[in-house]
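Because the structure is predicted, anything quoted here is derived from the model rather than measured. Heavy atoms only: backbone and side chains are in, while hydrogens, waters and symmetry mates are out.
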Amino acid sequence: MNPRGVEISKAQRIADNGFISAIGNTPLIRLKKLSEETGCDILGKAEFQNPGGSVKDRAAYYVVKDAEERGLLKPGGTVVEGTAGNTGIGLAHVCRSKGYKLVIFMPNTQSQGKIDLLRLLGAEVYPVPAVAYDNPENYNHQATRYAEARENCVWTNQFDNTANRQAHIETTGPEIWAQTGGNIDAFTCGSGTAGTIAGCTRYLKDVSNGRVQCYVADPPGSVIYGYVQSHGAELGDRKGSSITEGIGQGRITENLKPDVELLDGALHISDAKSIEMVYRCLDEEGLYLGASSCLNVAAARDLALKLGPGKTVVTILCDGAYRYAERLFSKKWLHEKKLWESVPEGLRKYAVLD
């Protein structure tokens, strides 16, 4: 018998409300090598252990719950979202578990694999031309119009629906605080919809009376780093792009607006750093993580070095690498993106795909 396992099992109990009650309560994993390297405790919240496989299960459940509570979604109704990633997958699971239909609009630049997965999970998928947000044919605007034209149909609006942020105020933030016993000095993660960074920042700042330092991690091509570092004086245009999916932004979303001034700073994380960390986490920690997770880990390492030894830094391990393996572990793709040299020489053995 494993006494620790029994203790955890008792705390988790039975997920008696099905899929939705299995969301959350994910472990905090101490990243041993990086902790030793920095002299800090670097902890990653294992959101890949959510039943739908990512941190977005939390937001998916909360935006649906919010629509129900406001009377916008009734039994047999339809949920609509514009998404190309994990939010759609989370919504597909939540909708199946609660008996709703799900309709997804996504840019037609997304892989057939993503489309097939969403359809496999029961979603109706509409790939549409990939155009800028200010174009009325943007996939988000098409999703909005679809929902508005139908009865008992709701657009969950993940970017600007603050139920997304609320999920992390009520679940992720409190879990982190409880798991560390309040012994946390800093928190960092990336920002896409900004639900995770905003909600966790709000909760951790409130519960610690402002003591916990919170930094947003930002990839190339995003405007958040410049905006935060200039204290809101500069919101530039998006320039360039990143290999990371689901993070980086060209505007300040409604989820971020209430809490952006609480942030202590921002960390710019290059694609080279993210790729290096994909391979390091696999080799050193046995963790098979996606690029956005590894951007967060790289940011946690940088923040630990910035704060100095003896600190506890927490980040989010958003999802695993399973949905991205054909790129992240492809020699051809890494060369095309000029990232092959970013993979530590001794770890290139993991790039087994041509």
Side-chain angles (χ1 to χ4, degrees), residues 52-56 59-60 63 78-93 95 101-150 153-161 164 190-196 218-224 237-256 271 274 290-293 295 318-319 321-328 330 333 336-337:
S54 85
V55 66
K56 292 296 187 177
V63 295
T78 299
V79 171
V80 185
E81 184 55 87
T83 176
N86 285 327
T87 300
I89 293 166
L91 281 171
H93 283 287
C95 286
K101 177 183 176 182
L102 175 65
V103 175
I104 295 289
F105 285 80
M106 63 161 61
N108 60 8
T109 53
Q110 300 301 310
S111 70
Q112 188 62 42
K114 283 186 178 179
I115 296 170
D116 292 344
L117 176 58
L118 286 165
R119 287 176 174 159
L120 180 151
L121 293 170
E124 190 174 305
V125 183
Y126 293 98
V128 299
V131 294
Y133 185 79
D134 58 7
N135 186 312
E137 296 307 306
N138 176 276
Y139 66 100
N140 283 295
H141 303 318
Q142 293 205 46
T144 308
R145 292 196 297 271
Y146 182 99
E148 288 174 345
R150 289 161 175 81
C153 186
V154 61
W155 174 47
T156 44
N157 188 15
Q158 61 165 327
F159 287 92
D160 295 308
N161 182 345
N164 177 348
S191 175
T193 65
T196 309
D218 215 33
S222 177
V223 303
I224 305 298
D237 296 326
R238 294 196 77 158
K239 295 177 181 177
S241 61
S242 172
I243 61 159
T244 54
E245 296 188 25
I247 53 175
Q249 188 52 265
R251 63 189 180 95
I252 305 302
T253 65
E254 293 300 319
N255 279 295
L256 185 55
D271 284 348
S274 297
S292 56
S293 296
L295 175 140
C318 320
D319 66 359
Y322 302 97
R323 294 165 189 153
Y324 322 106
E326 62 187 20
R327 296 184 304 135
L328 297 179
S330 161
W333 183 84
E336 286 174 352
K337 297 296 181 180

Name the one of T78, L102, V103, L121 that satisfies side-chain contact (heavy atoms from CB on, under 4.5 Å) with C95? L102

How long is the gap from CG on N86 to CD on Q158, to the nearest 0.5 Å? 10.0 Å

To the nearest 0.5 Å, atom CG of N140 lies from atom CG of N135 at 12.0 Å

Begin from the C-alpha positions of Q249 and S191 and carry the test side chain to side chain donor-acceptor pair (under 3.5 Å) through to its verdict. CA-CA 7 Å; Q249 188 52 265; S191 175; over 6 Å; no

Does the plane of the ring in Y146 sit parallel, tilted or perpendicular to the ring in Y126? Use 30° and 60° as the thresholds. tilted

Is any side-chain heavy atom of S54 closer than 4.5 Å to a side-chain heavy atom of C318? no

Is a side-chain N or O of D271 found less than 3.5 angstrom from the main chain of I243, in a donor-acceptor match? yes

Given M106, which partner from the list V128, V125, T83 fulfils the side-chain contact (heavy atoms from CB on, under 4.5 Å) test? V125

Between A291 and L328, the two heavy atoms sitting closest are N-CD1, 3.9 Å

How many angstroms lie between atom OG1 of T253 and atom CG of N164, to the nearest 0.5 angstrom? 8.0 Å

Quick one: pull up CG in D160 and CH2 in W155 and give me the separation to the nearest 0.5 Å. 6.5 Å

Check this for me, if you would: do R251 and D134 make a salt bridge, where the nitrogen-to-carboxylate-oxygen distance has to be below 4.0 angstrom? no

Taking atom types as modelled, is there a side-chain donor on T156 or E81 under 3.5 Å from an acceptor on the other? yes

Does atom CD (E137) have a neighbourhood of more than 12 heavy atoms from anything else shown, all under 6.0 Å? yes

